[in-house]
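For reference, the structure discussed in these notes is given below.
Each residue takes its place number in the sequence, starting with 1. In this text, all values refer to a predicted model and were calculated from it rather than measured experimentally. Computed from heavy atoms alone, side chains included, the values below leave out hydrogens, waters and symmetry copies. Each ligand, and each atom within it, is numbered from 1 in the order the structure gives.
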Amino acid sequence: MSLKLEGKVALVTGSGRGIGRSIALKLAGEGARLVINDLDAEPAMETVEAIRAAGGEAIACAGSVSAPDFAERFIGTAVEGFKGLDIIVNNAGYTWDSVVQKMTDEQWYAILDVHLTAPFRILRAAQPVIRSLAKADADAGRRNVRKIVNISSVAGLFGNAGQTNYAVAKAGITGMTRTLAKEWGRIDTTVNCVAYGLIRTRLTEATADARSTATIDGRDIRIGVNPDVMEMMARSIPLGRAGTSEEAAGAVYLFCIPESDYVSGQVLMCTGGLTGI
Ligand SMILES: NC(=O)c1ccc[n+]([C@@H]2O[C@H](COP(=O)([O-])OP(=O)(O)OC[C@H]3O[C@@H](n4cnc5c(N)ncnc54)[C@H](O)[C@@H]3O)[C@@H](O)[C@H]2O)c1
């Protein structure tokens, strides 16, 4: 049986954990060759090893997507390592919440950098590479639609108290998606977006410990959600529960397969049926 993404080269940011890791495993399971990124080498290498152990191909490109030189390095890793570039998933990110009157410039820019500036730089660096690969495909009479999938959130579509920075960044990525869908049709590339509701990962882990933090870009950032809040949020979801990272990966996968070659500029909500917050 042939695999849906046999031989495709796929890049996924923030794929050392959570949704990104599940996306990488899903794409690799369908035959794609993966460039895995995460802040630190350790989680990135764990995903690389998991893919290799299952018989797939993967290489790591560790480092912060917010670093100014990251985009060129990331795209370069795919081109040098696998001689191609077919799928990019802009997934890396975290939240750093405050009500607006307490939000610092540092908080504002850090979240815009990771969720908006980084995807912009990655896609800017990818464009000339995709253009020349698309031309080579056309010259050789090969049909190959390339795929970009950006990750947004219901916070970006409907707003969420305490998340001005995150909601603005996640709203911005939908604008980038629709704009590049218009620019990139001529290079046979679809650009779509998946907006998640509540997905169970480290970011949304139920924890009663208000001091639960992760070190991200040298800062200790609060992670996890109070269990009571989690339960209340889950009750408002038509399917009655938070999604799993595997279910979240499924929505990205839909945009990566040949069956969606004529779908571009779309924002798909993966929310268990929630249509607003
Ligand atoms: N979990 C949810 O409910 C939910 C809801 C809406 C949107 N999202 C979005 O989904 C994406 C994935 O989140 P998740 O829930 O899997 O979180 P997660 O914390 O489980 O995984 C995110 C990964 O991204 C990495 N990362 C963070 N900043 C990075 C940086 N600067 N450079 C490289 N890697 C970086 C982290 O180290 C981590 O491994 C994010 O964009 C998030 O905003 C998640």
Within reach of ligand 1, part of [X] (heavy-atom separation under 4.0 Å):
{"X": "Val114", "result": "side chain"}
{"X": "Tyr196", "result": "both"}
{"X": "Thr95", "result": "neither"}
{"X": "Arg21", "result": "neither"}
{"X": "Asn91", "result": "both"}
{"X": "Arg200", "result": "neither"}
{"X": "Ser152", "result": "backbone"}

Separation of [Y] [atom2] from [X] [atom1] (nearest 0.5 Å):
{"X": "Lys170", "Y": "Ile111", "atom1": "NZ", "atom2": "CD1", "answer": "9.5 Å"}
{"X": "Gln266", "Y": "Leu254", "atom1": "CD", "atom2": "CG", "answer": "13.0 Å"}
{"X": "Leu123", "Y": "Ile130", "atom1": "CG", "atom2": "CD1", "answer": "7.5 Å"}
{"X": "Thr77", "Y": "Asn37", "atom1": "OG1", "atom2": "CG", "answer": "9.5 Å"}

Pull out every atom of ligand 1 sitting under 4.0 Å from any heavy atom of [X], numbered as shown with elements.
{"X": "Ile19", "value": "10 (O), 15 (O), 16 (O), 44 (C)"}
{"X": "Tyr166", "value": "6 (C), 7 (C), 8 (N), 9 (C), 42 (C), 43 (O)"}
{"X": "Arg202", "value": "19 (O), 20 (O), 36 (C), 37 (O), 38 (C)"}
{"X": "Leu198", "value": "3 (O)"}
{"X": "Gly63", "value": "32 (N), 33 (C)"}
{"X": "Asn37", "value": "33 (C), 34 (N)"}
{"X": "His115", "value": "41 (O), 43 (O)"}

Item to check | Atom CZ of Arg142: over 12 foreign heavy atoms under 6.0 Å | outcome: yes
Checklist entry - So, does Thr189 use its side chain to make a donor-acceptor pair with the main chain of Ile187 at under 3.5 Å? => result yes
Checklist entry - Is there a donor-acceptor pair closer than 3.5 Å between any side-chain N or O of Asp86 and the backbone N or O of Ala10? => result no
[options]: member with heavy atom nearest to [atom]:
{"atom": "atom 30 (C) of ligand 1", "options": "Thr201, Leu39, Val225", "answer": "Leu39"}
{"atom": "atom 5 (C) of ligand 1", "options": "Ser153, Gly197, Ala110", "answer": "Gly197"}
{"atom": "atom 22 (C) of ligand 1", "options": "Gly20, Ala92, Gly93, Gly18", "answer": "Gly93"}
{"atom": "atom 1 (N) of ligand 1", "options": "Ile199, Ile216, Val12", "answer": "Ile199"}

Item to check | Protein contact to atom 28 (N) of ligand 1 [nearest heavy atom, distance to 0.1 Å] | outcome: Tyr94 CD2, 3.6 Å
Checklist entry - Among all protein non-hydrogen atoms, which one is nearest to atom 13 (O) of ligand 1, and what is the separation to 0.1 Å? => result Leu203 CD2, 4.0 Å
Checklist entry - So, does Thr13 sit close enough to ligand 1 that a heavy atom of it is under 4.0 Å from the ligand? => result no
Item to check | contact_flag Ala118 ligand 1 heavy-atom lt 4.0 Å | outcome: no
Checklist entry - Is the His115 ring parallel, tilted or perpendicular to the Tyr166 ring (thresholds 30°, 60°)? => result perpendicular
